[in-house]
Amino acid sequence: MSFQSEIVKWYLSNKRDLPWRDTTDPYVIWLSEIILQQTRVEQGKPYFLKFLENFPNVSAFASASEEQVLKLWQGLGYYSRGRNMLYTARYVVANYGGQFPTSYEQLIKLKGVGSYTAAAISSFSSNEQQAVVDGNVYRVLSRYFGIEEPINSNLGQKMFSELAKELIIDQEPAIYNQAIMEFGALQCKPKSPVCSECPVQLGCYAFKHKKIDQLPVKLKKVKVRKRWFNYFVGITGDEILTKQRMPGDVWQHLYDFPLIETEEEVSMTSNEFLTQVEKLFGKDLELKVLEGKKHILTHQIIYVQFFAIDNYIVNFNQHAEIKSVKIEAFKQLPHPKIIGDFIEKHID
DNA sequence: AATACGGGGAG
DNA sequence: CTCCCAGTATT
């Protein structure tokens, strides 16, 4: 039996029951695929259900506000996915009359849809002959066929997508694509794959040459930037100070607090820091240290320090980015995880 | 070709 | 800690 047939056979008796598996609605599949980009199934599942409930079709999605979308997205990360989804939903309503496209050619033009997602949606929704190449596929193919070219080099990407394209010939695209990904996720896992019970063990290059733990090859080591975010929590009556984050940095368009970023941990005896703070909030300011947190992202470690402030005066003309809003309204806004956690814990 | 973009789980 | 997850956009 061929590699593909074995994979499909394995899939049919081992697949998980997932809420996006029993549909060919391209909108629903799009929803699931965007959410699952760089996101584990278990983490994405509740978000998928929540989004589908709030936006049962693309027209409903298109009429949402960005704040609404980002609020639902809160905690999932890579927020550009949410912003791009809204853009795309509106684009589909405006240009395709709310009929979500199913062809690779049209899908690949959509914002937030790359080669993987276009292949996934087109194959799952209309059985188009497009091979998905995601992290799972890279791993399975590199191990089984013994491809040592780095999966994130230019040549590597080309080799893997060529191979994937050949393998899907004569296969049922929707089933086979899902099968190889599920196989990678459950059987041919990154760490301690279940080779002892593997249906394609005999043909597997990596198993035969004891290179399971060396494949796939991946270049890159991300360098991590350290940052110090000093947040100021200012509450007067039923209003709180907030600020929307701008493009060019993490958490674009999400709302946090007035912030002074420093090159290192600040000390309360640092004149430079206190001068900055007074410049922002006035001379009569009362400053109190709240909790500190370490927030770890892929490319940066953010040391977050919260301060409570009282008797502050903000010049809203000089600092148009800062606003004072009702606390109840503030809670409805989308926040970075670290801010959302703080609100939940400290602001009633 | 490199880098930014979140957050979390597994080992 | 490190790795990596149903990747994409930008430089």
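Throughout, protein chains are lettered first and strands after them, A, B, ... in sequence-line order, and every chain is numbered starting at 1.
Note on A/Gly75: only backbone sugar-phosphate atoms sit closer than 4.0 angstrom, heavy atoms only; bases stay farther off. Heavy atoms of A/Gly114 sit under 4.0 angstrom from primed sugar atoms or phosphate atoms, though from no base atom. Nucleic acid contact class of A/Ser115 (heavy atoms, under 4.0 Å, all strands): sugar-phosphate only. Residue A/Trp73 is classed as having no contact, given no heavy-atom separation below 4.0 Å to the nucleic acid. Here A/Thr298 lies in heavy-atom contact (under 4.0 Å) with a base. Contact annotation for A/Val113: backbone-only contact, meaning every heavy-atom pair under 4.0 Å involves sugar-phosphate atoms and none involves a base. Across all strands, A/Gln300 comes closer than 4.0 Å only to sugar-phosphate atoms, never to a base (heavy-atom distances). Counting non-hydrogen atoms under 4.0 angstrom, A/Ile34 reaches nothing in the nucleic acid. Among the heavy atoms of the strands, none lies under 4.0 Å from A/Asn152.
Comparing A/Lys223 and A/Ser192 by the nucleotide of DNA chain B that holds the closest heavy atom to each, the one mapping nearer the 5' end is A/Lys223. Mapping A/Val250 and A/Ser153 onto DNA chain B by nearest heavy atom places A/Ser153 closer to the 5' end of the strand. Between A/Ser32 and A/Asn84, the residue anchored closer to the 5' end of DNA chain C is A/Ser32, taking for each the nucleotide with the nearest heavy atom.
Of the possible polar contacts, one joining the A/Arg139 side chain to the A/Cys188 backbone as a donor-acceptor pair under 3.5 Å is found. Judged by distance alone, with hydrogens and angles left aside, the side-chain atoms of A/Asn230 form no donor-acceptor pair with the main-chain N or O of A/Gln305 at under 3.5 Å. When atom types are taken as modelled, the side chain of A/Lys71 and the backbone of A/Leu333 share a donor-acceptor pair closer than 3.5 angstrom. Of the possible donor and acceptor atoms, none in the side chain of A/Thr236 sits under 3.5 Å from a partner among the backbone N and O of A/Glu239. Judged by distance alone, with hydrogens and angles left aside, the side-chain atoms of A/Arg225 form no donor-acceptor pair with the main-chain N or O of A/His299 at under 3.5 Å. At distances below 3.5 Å, at least one donor-acceptor pair connects side-chain atoms of A/His335 with backbone N or O atoms of A/Tyr255.
Here C/dA6 presents its C1' atom at 11 Å from CD1 of A/Ile121, a figure rounded to the nearest Å. In this structure, A/Met181 places its CE atom 8 Å from P of C/dG7, rounding to the nearest Å. Here the C1' atom of nucleotide C/dC4 and the NZ atom of A/Lys191 are 8 Å apart, to the nearest Å. For the pair A/Arg16 CZ and C/dC5 P, the interatomic distance rounds to 13 Å; values are reported in whole Å. In this structure, the CG atom of A/Asp134 is 14 Å from the P atom of C/dC4, given to the nearest Å. In this structure, A/Leu18 places its CG atom 11 Å from P of C/dA6, rounding to the nearest Å. Atoms CZ (A/Arg139) and P (C/dG7) sit 10 Å apart, rounded to a whole Å. Taking atom OH on A/Tyr138 and atom C1' on C/dC5, their separation rounds to 14 Å, with Å as the unit.
Residues from residues 37-55 of chain A lying near DNA chain B, meaning a heavy-atom separation below 4.0 Å, are A/Gln38, A/Thr39, A/Arg40, A/Gln43 in numerical order.
Hydrophobic clustering (side-chain heavy atoms under 4.5 Å, transitive across Ile, Leu, Val, Met, Phe, Trp, Tyr) keeps A/Tyr78 apart from A/Ile301.
To the nearest whole angstrom, the two P atoms, one in C/dT11 and one in B/dG6, are 15 Å apart. Across the C1' atoms, B/dC5 and C/dC4 are found 15 Å apart, a figure rounded to whole Å. For the C1' atoms, the distance linking B/dT3 with C/dA6 amounts to 22 Å, nearest Å. The separation of C/dA9 from B/dG8, taken at their C1' atoms, amounts to 23 Å, rounded to a whole angstrom.
Here the shortest heavy-atom pairing between A/Thr102 and A/Glu128 reads O-OE1, 3.8 Å.
Note that the first and last nucleotides of DNA chain B, 5' to 3', having any atom under 4.0 angstrom from a heavy atom of chain A are B/dA1 to B/dG9.
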Check your understanding: Between A/Asp341 and A/Lys337, is a salt bridge (Lys or Arg N to Asp or Glu O under 4.0 Å) present by the stated rule, with each step listed?
Key -> CA-CA 6 Å; A/Asp341 287 349; A/Lys337 180 71 162 58; 2.8 Å; yes
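Side chains of A/Trp228 and A/Glu261: a donor-acceptor N/O pair is absent below 3.5 angstrom, by distance only. A donor-acceptor pair shorter than 3.5 Å cannot be found between the side chains of A/Gln37 and A/Arg81.
At C/dC1, one or more side-chain N or O atoms of A/Lys294 fall inside 4.0 Å of OP1 or OP2 (strictly under the cut-off).
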